[in-house]
Amino acid sequence: MQLFDGAQAFSTEFGGRTLTIETGVLAAQAGGAVTVRYGDTVLLATATMSKEVRSGIDFFPLTVDFEERLYAAGRIPGSFQRREGRPSDQAVLVARLVDRPLRPLFPKGLVNEVQIIITALSTDGENLLEPLAIIAAAAAVSISDIPFSGPLAGVTIGFVDGEFVVNPTAQQMEISGLNLQVAGTADNILMVEAGAHELPEDLMLDALGLAHESMTEVLELISQMQAQVGKPKYTGSHLALPAEETQTLVHGLAHDKVVAALSSGLGKHELNDALAAVRSEVQEALAERMASGEIVAAHVAASLDNVIKTAVRRRILDEGVRPDGRDTTTIRPISVQVGRIPRVHGSGFFMRGETHVLTIATLGTPGDAQRLDALQPAEDKRYMHHYNFPPFSTGETGRLGGPRRREIGHGALAARALVPVIPDDFPYTLRVVSEVVSSNGSTSMGSVCGSTLALMDAGVPIKAPVAGIAMGLVQDMETGAYRVLSDIQGMEDALGDMDFKVAGTEHGITALQMDLKIKGLDFNILREALDQARVGRLYIMGKMTEVLPAPRGKLSPFAPRILTIKIDPEKIGKLIGPGGKMIRSLQEQFNVKIDV
């Protein structure tokens, strides 16, 4: 490929093919910009940081967008306007996949707005977009002026004919027993997303090890780029970190009261009320000093958050006791019900502590499959899993609208967990909807459990029940001491170091998702987490199968019935008739739907 004046290209072998990262031509005014080419797939990634900060902001405003352009695949959009509209689910999932490992590598307390945009310029239908999007975004940030603790790389691992494959092609993925997406630095893995056909835990660990090893050349390439063409990192960034004096003052006022609240064994809302009372007392005690400007109110709030976080973590590390009084391996109380909703084709209600998920299964004809208008090779989808998280589920109010990125992501995770157990010869299109009616952590895994129940209640002959569990981690990075937590709740997710979701059957893993907030994870800890997750998953599955051991012997009486008839291919034209007249007449006369 011929380079323009001023362009610089860097290449390496990656998964048996050449990966090239170019900079210096496209998007020259962005903070950092690269094009990544792998085969004939080309992505443009830009990373830009604002130098001004919105007043009163106390969080890191990072946005990541993946822009699909259907011209990349030589297609014209099928919408009325014939142009791209709202992002497809695939675009949302790729954006989430990039966001999750990037986020922990930015400096703590950074409040400058950072925007990363990845645009698909060309796709060959062979090379997967996900790892390339991670690499492109990481390279753009690394050579930009944005503070960043990279480099970062991504890779896909497949499992074909009993062998692991690094960056399998789309064609290989069609027969692969594993779709593992991994992102990490030279030191550790930061993000995992996987779907698998009941893969044993030891093989999953081997795949993760191979993934981390395979990223070495790409990480070195990005480091080389940064050294040669990278901009000096911006040093004027606004960091919203409270002064040490403020932290010490707030600790003295709040620590003992926070510990007392945590030791009282209160439920979610009662504990939140108790901690809110402590927060009010501290703010009242410091009101005059905040009003005079001697102390910044936002720094008091941040210091209080730090006191609560430290107290929760120390209690877990030192005593092995969690905010609700459980030890590290105990699962919250579980209740299960099927057939709760009349007339629907199948329903399952799964309750684990304060997390309650109601799932409804609906069976349709092959013609009900979702038509896809995205860059992914598949043309339709016959298993759809939708996840809804209304504001009342956490006792709050909020605006209702279309699905948010989190809802799309959780629905996709539950789908990955269940697709491997749907028989290939089951002729129906399936739509499963998980309604989160009460939430205190791990609702995505609750939706997996509720969906298994709904499918079995509908009479779908799944190969095996699937259960899911969310694991957590609290680790002292100075001493190395840690605790792996089973069935984490909301507070442990927010204040812990890992969110590790594992779903599967009794035979192996069908879905995996992991996000780390720390910069290092020992593989021994990962092994312990997987082993502990298996024990918890089988315990949850046992509670489910006590109520419904296997799929019902026949479909719901309200579900449609599908009859398959084979005819001579030469007579298909007679069945359809001129302009479809005959097939429409048959459908109207017998009140049926005919798919050829």
Side-chain angles (χ1 to χ4, degrees), residues 41 43-47 60-70 72-73 75 77-79 81 83-103 114-121 123 128-138 140 154 156 170 173 179-183 190-195 369-381 383-390 398-419 431-434 436 443-444 447-448 499 501 511-515:
T41 294
L43 303 182
L44 166 67
T46 62
F60 177 37
L62 170 68
T63 57
V64 178
D65 290 289
F66 183 79
E67 294 289 299
E68 289 178 313
R69 297 290 186 260
L70 292 191
R75 302 212 317 266
S79 64
Q81 291 84 3
R83 68 173 296 162
E84 293 82 5
R86 64 178 299 275
S88 70
D89 284 0
Q90 185 201 22
V92 170
L93 294 173
V94 173
R96 280 173 52 87
L97 209 63
V98 174
D99 184 301
R100 286 157 45 198
L102 281 176
R103 192 172 289 271
V114 174
Q115 185 177 41
I116 297 169
I117 301 173
I118 307 131
T119 306
L121 300 180
T123 175
L128 302 182
L129 298 171
E130 290 86 351
L132 302 182
I134 294 170
I135 292 168
T156 302
M173 288 305 298
N179 182 353
L180 174 65
Q181 308 287 342
V182 179
L190 286 176
M191 185 279 301
V192 174
E193 190 86 29
Q370 181 184 7
R371 295 287 301 273
L372 300 175
D373 194 21
L375 291 178
Q376 55 194 357
E379 294 182 356
D380 56 37
K381 185 162 60 173
Y383 180 93
M384 296 162 280
H385 199 120
H386 298 147
Y387 166 102
N388 295 318
F389 191 87
R399 188 180 69 85
L400 294 178
R404 291 157 292 186
R405 290 187 172 195
R406 179 178 181 274
E407 291 175 305
I408 292 172
H410 280 6
L413 176 61
R416 276 194 298 275
L418 290 160
V419 164
R431 181 181 185 234
V432 177
V433 181
S434 294
V436 179
T443 53
S444 63
S447 72
V448 169
D499 181 11
K501 301 180 178 75
L512 201 67
Q513 186 181 88
M514 182 182 76
D515 292 296

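Just so it is clear, the values below take in all heavy atoms, side chains as well, and ignore hydrogens, waters and symmetry mates.
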Does some side-chain heavy atom of His410 sit less than 4.5 Å from a side-chain heavy atom of Val436?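 A side-chain contact is absent here, since even the closest heavy-atom pair is not under 4.5 Å.
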
Is the closest side-chain heavy-atom distance between Phe66 and Leu97 below 4.5 Å?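 Counting from C-beta outward, Phe66 and Leu97 never come under 4.5 Å.
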
Residue pair Arg406, Tyr387: steps toward the side-chain contact (heavy atoms from CB on, under 4.5 Å) verdict: CA-CA 9 Å; Arg406 179 178 181 274; Tyr387 166 102; 3.4 Å; yes

Not counting sequence neighbours, which residues clear side chain to side chain contact (heavy atoms under 4.5 Å, CB included) with [X]? List them please.
X: Ala414; value: His385, Ser447, Val448
X: Val433; value: His386, Asn388, Arg431, Glu435
X: Leu93; value: Ile408, Ala412
X: Arg405; value: Asp65, Val92, Ala95, Arg96

Could you work out, with side-chain hydrogen bond (donor to acceptor under 3.5 Å, both in side chains) as the rule, every residue matching [X], not counting sequence neighbours?
X: Glu130; result: none
X: Ser444; result: none
X: Thr156; result: Gln181
X: Thr46; result: none

Would you please name every residue forming a salt bridge (Lys or Arg N to Asp or Glu O under 4.0 Å) with [X], sequence neighbours left out?
X: Arg75; value: Asp373
X: Asp99; value: Arg103
X: Glu84; value: none

If you look at every heavy atom in Thr119 and Arg69, which pair is closest and at what distance?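 Reported closest heavy-atom pair: CG2-CG, 3.9 Å.
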
Donor-acceptor pair, side chain of Arg404 and main chain of Phe389, under 3.5 angstrom: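 At least one qualifying donor-acceptor pair exists.
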
Walk me through it: do Leu418 and Val432 pass the test side-chain contact (heavy atoms from CB on, under 4.5 Å)? CA-CA 10 Å; Leu418 290 160; Val432 177; 5.6 Å; no

